[in-house]
Structure formats: C-alpha cells, structure tokens
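Structure, as structure tokens:
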Amino acid sequence: MSKESRTSFVNRVMGLNLGATQGKYSYCNDTKKQVLFSLDLSNGEDSDLILSPNWAPKGYAHSLKHIDKVINEGYELFIFKTRTRQNNKGQTVADGFEPSIEKRELVVDGDEFRAVPLEVSYEIFEKSFREKVNQSSTSSAELRRKRLKTATLKPKKRMVLTAVYDRNPDVVAEVLYNAKGICGGCSSLAPFDRKSDGSPYLEVHHKKPLAKGGDDSVVNAIALCPNCHRKAHYG
C-alpha cells in the first residue's frame, strides 16, 4: 500500500485537481475520455464489483453518470485497487490503496456494475505461459526455488477469449467408430473407457488444423490416444 494520499494519486493519474476524494467511487477526465473507479479488495480478492445500489446513495448517483459515459460515449474504464474497514462506529473508512491503475471492461449486472479483466485469446495466453516456463527452466534452480518460497499459492483469475469451431458431430462419431478403440498414432488400445457410456476414450484430431484451413471431414481426421494427441500438437 502507498504512502501517497488517495487524493494525490487520483489527481496525478487522472490529470485532475480535486480537493478531496472522500465519498466518491469514481473520477472522470472528460478531456482524456477516461473514467477511474476504485475497486475494493475488502469485498474479496477476486471481486470485480465497482458500483452497487446498496452503497451510499450520493456516491452511487455520482458514479452512474460515469457509467453512462463508458457505455454511451466510449470512455475508457480504469480501476485502482483499494481496501476499506469498519471503524469503531460501524462506519466504512479507507484502509489504503495500490498506487497503480488497470484498464478493465465494463459488465452490467442489473443495477450493479463490474469491471472485469480484459479478454486475451487463449492461444496468446498459452504461448506467453509456455515462454515463461521456458525462461524458468533455463534459469538456475537456486533462483527458481528462491522465487517459489515467496510465491503466492492462490493464482489470480483472468478472462480469456477462445475461438470455437462448430464441428460436425458425425465426423467425430464416424472416426471413433472406424478406430474400434485403437489409437491411430501408436496402435495401442484406448487407455481407458469413458465414464459416461463405457466407450474407449480416444480424441479426434484434425490432421490439417481447422485454424489453418483444414476440412472438418473424416478424411482429415484421426482418432488418437491422449499421449499421441498431445504429441501431434506439441511434439
């Protein structure tokens, strides 16, 4: 948490000149077309709630105007993470903040509003993660173990965007039928049976990926065991 005051921080990152930020959930710069909301981590580390009608009426009404700018005027939405606590009078008071902002995407949930992490493609996310694993593998074991001692045990969640093809179920059924429970890669029997219907567990793989223009056809597909399927993708 920062030693910089909340008001000073908001003024600095938003280019404003506010005298105080008390009682407000959001701040706006019309020149930059940007809105900044506080995201209270006291609602839960994974909370994305930025505005609720259950909160102070004046603050809610004030921030609804900023929500409208995001929805109808294309303003960018940013958040900074804060914490609050109850004082001995039962009042909610500020309890620190993180001095950084993060661009988010607005989600309308009835009368409540949420700021969810921006979506990235699953492929980009996986590629980035594999690169980080490679970097960790090539670093010294001593440094890696030192990082592990202080690493968080609860990973953060983020939204990912996945492209899904509307595949022909007849292709899958026919390829599995023709395989007779035998992997088309290693010629071994399926490693186990499906719990749902007792059929041999094989996965249908497109020889030329659909993403590269391959046909969703029986000719372009093969039934593989999980090991051979992973080998086809990553081997």
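The cluster map of Ile, Leu, Val, Met, Phe, Trp and Tyr, joined by side-chain heavy atoms under 4.5 Å apart, puts Leu39 and Leu64 in the same cluster. Follow the hydrophobic side-chain contacts under 4.5 Å out from Phe97 and you reach Leu18 in the same cluster. Following chains of ILVMFWY side-chain contacts shorter than 4.5 Å, one can reach Trp55 starting from Ile50, so the two form part of one hydrophobic cluster. Linking Ile, Leu, Val, Met, Phe, Trp and Tyr residues whenever their side-chain heavy atoms come within less than 4.5 Å places Val108 and Val35 in a single cluster. No chain of hydrophobic side-chain contacts below 4.5 Å, direct or via other Ile, Leu, Val, Met, Phe, Trp or Tyr residues, connects Tyr201 to Val204.
The pair Glu73-Lys33 does not count as a salt bridge, with every side-chain nitrogen at least 4.0 angstrom from each carboxylate oxygen.
Side-chain atoms of Tyr27 and Leu16, non-hydrogen and from C-beta on, do get closer than 4.5 Å to each other. By the 4.5 Å heavy-atom criterion applied to side chains, Asn178 and Glu174 are counted as neighbours. Looking at Arg147 and Ser136, their side chains come closer than 4.5 Å, going by heavy atoms from C-beta outward. No side-chain heavy atom of Ser63 sits less than 4.5 Å from a side-chain heavy atom of Lys24. Ser188 is not listed as a side-chain neighbour of Cys225, based on a closest heavy-atom distance of 4.5 Å or more. Counting heavy atoms from C-beta outward, Ile101 and Ile79 have side chains that stay 4.5 Å or more apart. The closest side-chain heavy-atom distance from Pro117 to Arg104 is below 4.5 Å.
In plain terms, the two heavy atoms of Asn168 and Asp216 that are nearest each other are N-OD2, 2.6 Å. Between Gly181 and Leu202, the closest heavy-atom pair is C-CD1, 3.7 Å. Counting all heavy atoms, side chain and backbone alike, Leu224 lies closest to Ala232 at CD1-CB, 4.2 Å. What you find for Glu4 and Ser8 is that their closest heavy atoms are OE2-OG, 3.2 Å. Here the shortest heavy-atom pairing between Pro226 and Glu203 reads CA-OE1, 4.0 Å. In terms of heavy atoms, Ala115 sits closest to Leu77 at CB-CD2, 3.9 Å.
Ring orientation note: the planes of Phe9 and Phe80 are tilted relative to one another, at an angle of 30° to 60°. Between His229 and His233, the two ring planes are tilted [angle within 30° to 60°].
For Asp197, the CG atom counts as densely surrounded, since its 6.0 Å shell holds more than 12 non-hydrogen atoms of other residues, nucleotides or ligands.
No side-chain donor-acceptor contact under 3.5 Å links Asn29 and Tyr75.
Annotation: cation-pi pair Lys180/Tyr177 present, NZ/CZ under 6.0 Å from the ring centroid and within 45° of its normal.
Separation of atoms NE2 (His66) and CG (Leu106) is listed at 13.5 Å; rounding is to 0.5 Å.
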